*Asks:* 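One structure coming up, written as structure tokens, with questions to follow.
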2 protein chains.
Amino acid sequence: MKDENSITVYDIADEAGVSVSTVSRVLNNSAPVKEKTRARVIKVMDKYNFQPNALARSLSKKRTKTIGFILPDITNPFFSEVYVKAERAALDLGYSIFLSNTMNDSEVESIYLKTLVEKQVDGIIFMGGRANETRTDAAFAEEMKVIMKKTPIVMINGEMEGVDCYRVKTDEADGFRKGLNYLLSLGHKEIALVGGIKGITSTDIKLDIFSQYVESAQIETKEEWIIESGYSIEGGYEALKQLLSLADLPTAIIAINDFIAIGVVKAAKEMGLQIPQEVSIIGFDNIYLTTIVLPAITTISHNYQELAAKAVNIIDGINNNQVYEKEHFFDSELIIRESSIGLMKME
Amino acid sequence: MKDENSITVYDIADEAGVSVSTVSRVLNNSAPVKEKTRARVIKVMDKYNFQPNALARSLSKKRTKTIGFILPDITNPFFSEVYVKAERAALDLGYSIFLSNTMNDSEVESIYLKTLVEKQVDGIIFMGGRANETRTDAAFAEEMKVIMKKTPIVMINGEMEGVDCYRVKTDEADGFRKGLNYLLSLGHKEIALVGGIKGITSTDIKLDIFSQYVESAQIETKEEWIIESGYSIEGGYEALKQLLSLADLPTAIIAINDFIAIGVVKAAKEMGLQIPQEVSIIGFDNIYLTTIVLPAITTISHNYQELAAKAVNIIDGINNNQVYEKEHFFDSELIIRESSIGLMKME
DNA sequence: TCTCTTTATGGAACCGGCTTCATTTTATAT
DNA sequence: ATATAAAATGAAGCCGGTTCCATAAAGAGA
């Protein structure tokens with residue numbers, strides 16, 4: 001008897017007195033096998049606890065049932081929440097996922113990209129980092145294009161100039177409007193927009209909508225109330241301090257994302273500003289942290305589940321010769337919690 | 001010219017006028033190649049943007065440069081923070097990681113285990129879930145043993161009865177003593193222990209130490225102050241409510257982990273109990289959430305970096321025929337923040 | 001210039017599956 | 001029982017690398 005750890009189809013075939021073709025057939029149910037023969041083969045497989053070597057299979061099938069997922073930082077709940085949904089969808093379809101944290105290091109990003117391609121992944125899902133900068137360096141776009149010839153790339157909530165990959169995304173414009181409309185419905189008119197970085201898709205979209213509301217006079221704002229302070233808790237923290245140094249405050253703040261909103265809440269608490277009694281605030285993304293801070297933050301929720309599942313489905317589909325649209329939008333939803341209240345109730 | 005997406009060493013060899021052996025040599029630097037020849041081969045490779053197929057390489061080398069990482073939930077910062085460190089260590093050694101979220105579903109866990117083995121990973125890192133239940137079902141232990149014959153398994157901060165895999169772990173006993181000693185040094189004596197589940201290693205260790213302190217009369221506690229309420233924020237939340245229903249309160253609470261501590265803080269805020277003025281609290285793990293709540297939570301920090309790196313190094317080493325101890329301990333550190341203050345200052 | 005090494009290179013088998021095509025076996029119809 | 005169609009199985013090559021072994025080329029010493 002051979003070393004039990006390297007049993008191959010040949011060993012199984014030998015002992016069962018059949019050919020490897022037959023073993024392969026029972027393994028994959030790829031063609032009819034007489035019941036008696038099948039039973040015999042299975043018995044031998046069980047005896048040795050046979051597990052086929054996926055490398056060999058993938059090599060010949062040219063499919064690995066593997067997906068690469070690239071994101072900047074999995075400890076960031078915004079990314080991890082999409083990731084787990086994607087992983088679940090992948091599991092259902094029999095895929096495993098190589099997770100690649102780039103930590104926003106473009107060199108690391110390139111290394112991972114290269115590795116994933118060498119490992120013959122069936123597709124790559126890209127989220128955040130360089131993948132959602134509106135403008136990107138030409139070299140990187142070129143890199144992506146070369147990969148796309150061979151491996152489908154799906155971008156989640158991102159857009160990359162000059163790269164025509166698949167994109168699944170929340171309709172952020174619509175979601176942002178939902179947030180704004182909610183504030184308006186509460187009677188707010190003097191609104192600040194906090195957070196973001198110009199040149200990043202998710203910021204640009206929101207800035208744009210905000211301007212439209214201002215132009216149509218639905219919102220009254222001031223230049224100093226639009227604070228471009230990134231995407232982090234610290235960014236929100238600093239922004240509120242900055243706001244508090246001004247002569248007059250808005251009655252409501254809409255944050256670029258939940259981290260910013262959380263930072264604002266944290267700063268408010270430290271500086272004795274009451275939320276929502278003195279200022280209402282609304283976030284974006286509905287990461288679970290919004291429920292553990294006090295007050296829990298009203299926010300806009302993505303359809304994580306659908307979004308992630310779609311990304312995975314596209315990759316699976318492409319590998320089965322299906323054809324997909326390049327762009328797919330998903331709904332968002334207003335999640336009302338405690339950080340925003342009607343203007344009347346305030347103060 | 002062939003389809004540019006499936007260039008092989010044979011194509012390179014042809015065009016460069018050498019044999020595949022030579023191409024392989026320049027690819028791996030596995031044997032000397034005359035400078036002129038090497039240059040010629042590299043030139044052709046560059047021309048076609050050649051990327052070797054890692055499947056084929058792994059098949060023949062019997063090494064995949066791939067690690068499987070199994071944990072219950074990557075959205076949980078406790079796990080994700082270790083994960084990213086492991087991923088970084090892996091990247092440095094040229095490994096990719098298959099991340100597998102089990103969501104505590106043992107069926108999913110088994111599927112992943114099977115898949116990872118079929119994909120021929122060079123090793124599996126296991127964290128949480130069934131992997132740290134002191135007692136586990138025999139079938140699962142058996143499953144693990146079969147895998148271990150072929151694939152090294154490293155457990156992080158876990159222990160599984162009857163499974164003699166590699167283990168890297170924080171010295172939780174020592175860490176917990178650090179926490180307890182700190183509270184004592186602040187003058188606390190009446191202390192509650194909140195959270196955990198008996199039968200899980202990290203709980204059992206702490207309960208044990210706590211008892212020792214009680215027996216040696218360093219701590220005065222009551223039966224009702226020891227509340228086994230799991231590992232979640234909700235668990236901490238409920239536990240504090242329970243404590244508040246009692247006739248008398250401890251002056252300090254030591255939580256099984258940071259989530260519990262955060263839940264306690266949240267409940268305290270809602271119920272008007274001042275922390276740390278009325279009760280001090282200390283957590284365990286040093287997840288980053290401890291810094292975003294108010295008051296920021298005093299806690300015990302693991303040496304994530306070292307822990308994760310060790311797990312990866314062991315797998316890499318075993319694959320290079322090195323020999324390692326089965327168990328490796330790492331230091332912890334007391335992180336003093338604002339949730340605990342001296343007994344004198346309280347009230 | 002002619003052995004004797006040393007260094008470079010090529011040929012072919014191998015890693016462990018899958019798949020096409022040919023062949024044998026079995027079932028169906030006459 | 002015989003011709004014919006259908007089902008089951010086997011043989012061999014392929015997927016794309018690596019590596020051992022043998023041969024050829026280059027360099028060293030006499």
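Model, not experiment: these values are computed from the prediction. Below, read A as the first sequence line, B as the second, and so on, with proteins coming before strands; counting in each chain starts at 1.
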*Asks:* Hydrogens and angles aside, do A/Asp316 and A/Tyr95 bring a side-chain donor and acceptor to less than 3.5 Å of each other?
*Replies:* yes
*Asks:* Please report, rounded to the nearest Å, how far the P atom of D/dC15 is from the CZ atom of B/Arg57.
*Replies:* 19 Å
*Asks:* Between the two ends of the helix from C/dT1-D/dA30 to C/dT30-D/dA1, what is the bend in degrees, rounded to 10 degrees, where each end axis spans five pairs?
*Replies:*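 About 40°, once rounded to a multiple of 10°.
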*Asks:* Provide, to the nearest angstrom, the distance between the CD1 atom belonging to A/Ile12 and the P atom belonging to C/dC18.
*Replies:*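 The answer, rounded to whole Å, is 12 Å.
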*Asks:* Ring centroid separation for B/Phe98 and A/Phe98, is it under 6.0 angstrom?
*Replies:* yes
*Asks:* Please list, chain by chain and in numerical order, all residues satisfying salt bridge (charged side-chain N to carboxylate O under 4.0 Å, His left out) with A/Glu327, sequence neighbours excluded.
*Replies:* A/Arg167, A/Lys169
*Asks:* Nearest whole angstrom, please: distance from the P of C/dC18 to the CG of A/Asn29.
*Replies:*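 It works out to 12 Å between those atoms.
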*Asks:* With nearest nucleotides of DNA chain C determined for B/Arg38 and A/Lys61 from heavy-atom distances, which residue corresponds to the more 5′ nucleotide?
*Replies:*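 Mapping each residue to its closest nucleotide by heavy atoms, the 5'-most match is B/Arg38.
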*Asks:* Shorter than 3.5 Å, N or O on both sides, protein versus nucleotides 10-14 of chain C: list them out with atom names.
*Replies:*
| from | atom 1 | to | atom 2 | distance (Å) |
| --- | --- | --- | --- | --- |
| C/dG10 | OP2 | B/Ser19 | N | 2.6 |
| C/dG10 | OP2 | B/Ser19 | OG | 3.2 |
| C/dG10 | OP2 | B/Thr22 | OG1 | 2.9 |
| C/dG10 | O6 | B/Arg25 | NH2 | 2.7 |
| C/dG11 | N7 | B/Ser21 | OG | 3.3 |
| C/dG11 | O6 | B/Ser21 | OG | 2.9 |

*Asks:* Mind checking ring pair (Phe, Tyr, Trp, His ring centres under 6.0 Å) for B/Tyr304 and listing every partner two or more places apart, or none if nothing turns up?
*Replies:*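 Partners of B/Tyr304 by the ring pair (Phe, Tyr, Trp, His ring centres under 6.0 Å) criterion, ordered by chain and then number, come out as B/His302.
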*Asks:* Would you call A/Lys114 and A/Glu118 a salt bridge, using N to O less than 4.0 angstrom?
*Replies:* yes
*Asks:* Using a cut-off of strictly less than 4.0 Å, decide whether B/Asn28 has a side-chain nitrogen or oxygen near OP1 or OP2 of D/dT18.
*Replies:*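 So the side chain of B/Asn28 is within the cut-off, an N or O lying under 4.0 Å from OP1 or OP2 of D/dT18.
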*Asks:* Output every pair passing salt bridge (charged side-chain N to carboxylate O under 4.0 Å, His left out) with a member in residues 82-100 of chain A, not counting sequence neighbours, ordered by first then second residue.
*Replies:*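 Sorted result for residues 82-100 of chain A: empty, none.
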*Asks:* For B/Ser96, what residues pass the side chain to side chain donor-acceptor pair (under 3.5 Å) criterion, not counting sequence neighbours?
*Replies:*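 For B/Ser96 the side chain to side chain donor-acceptor pair (under 3.5 Å) partners, ignoring immediate neighbours, are A/Lys119.
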*Asks:* Name all residues meeting the side chain to side chain donor-acceptor pair (under 3.5 Å) criterion together with A/Asn320; count only those two or more places apart in sequence or in a different chain, and write none if there are none.
*Replies:*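 Applying side chain to side chain donor-acceptor pair (under 3.5 Å) to A/Asn320 gives A/Arg63.
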*Asks:* What pairs with A/Thr115 under side chain to side chain donor-acceptor pair (under 3.5 Å), at least two apart in sequence or on another chain?
*Replies:* none
*Asks:* Starting at atom NZ of B/Lys65, determine the distance to atom P of D/dG17, rounded to an integer number of angstrom.
*Replies:*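 In whole Å, D/dG17 P and B/Lys65 NZ are 18 Å from each other.
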*Asks:* Applying side chain to side chain contact (heavy atoms under 4.5 Å, CB included), can you list everything that pairs with B/Ser24, at least two apart in sequence or on another chain?
*Replies:* B/Asn28
*Asks:* If you assign each of A/Val23 and B/Pro32 to its closest nucleotide in DNA chain C, which residue comes earlier from the 5' end?
*Replies:*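 With A/Val23 and B/Pro32 compared, the 5'-side residue is B/Pro32.
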*Asks:* Report all interatomic pairs (protein N or O, nucleotide N or O of nucleotides 23-28 of chain C) with separations under 3.5 Å.
*Replies:*
none

*Asks:* Specify the separation, in whole Å, of atom CG of A/Asn53 and atom C1' of D/dG16.
*Replies:* 14 Å
*Asks:* A/Asp14 CG to C/dG17 P: how many Å, rounded?
*Replies:* 13 Å
*Asks:* Would you please name every residue forming a side chain to side chain contact (heavy atoms under 4.5 Å, CB included) with B/Asn313, sequence neighbours left out?
*Replies:*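 With sequence neighbours excluded, B/Asn313 shows a side chain to side chain contact (heavy atoms under 4.5 Å, CB included) to B/Leu93, B/Ala309, given in chain and number order.
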*Asks:* Which residues pass the side chain to side chain donor-acceptor pair (under 3.5 Å) test with A/Lys65, not counting sequence neighbours?
*Replies:* none
*Asks:* Without decimals, in angstroms, what is the distance between A/Lys36 NZ and D/dA7 C1'?
*Replies:*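 Going from A/Lys36 (NZ) to D/dA7 (C1'), I get 16 Å.
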*Asks:* For B/Gln51 and A/Val33, take the nucleotide of DNA chain D holding the closest heavy atom to each; which residue's nucleotide lies nearer the 5' end?
*Replies:* A/Val33
*Asks:* For a quick test of reading the model: is some side-chain N or O of B/Lys62 closer than 4.0 Å to OP1 or OP2 of C/dG16?
*Replies:* yes
*Asks:* Specify the separation, in whole Å, of atom CG of A/Asp11 and atom C1' of C/dG17.
*Replies:*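 In whole Å, C/dG17 C1' lies 12 Å from A/Asp11 CG.
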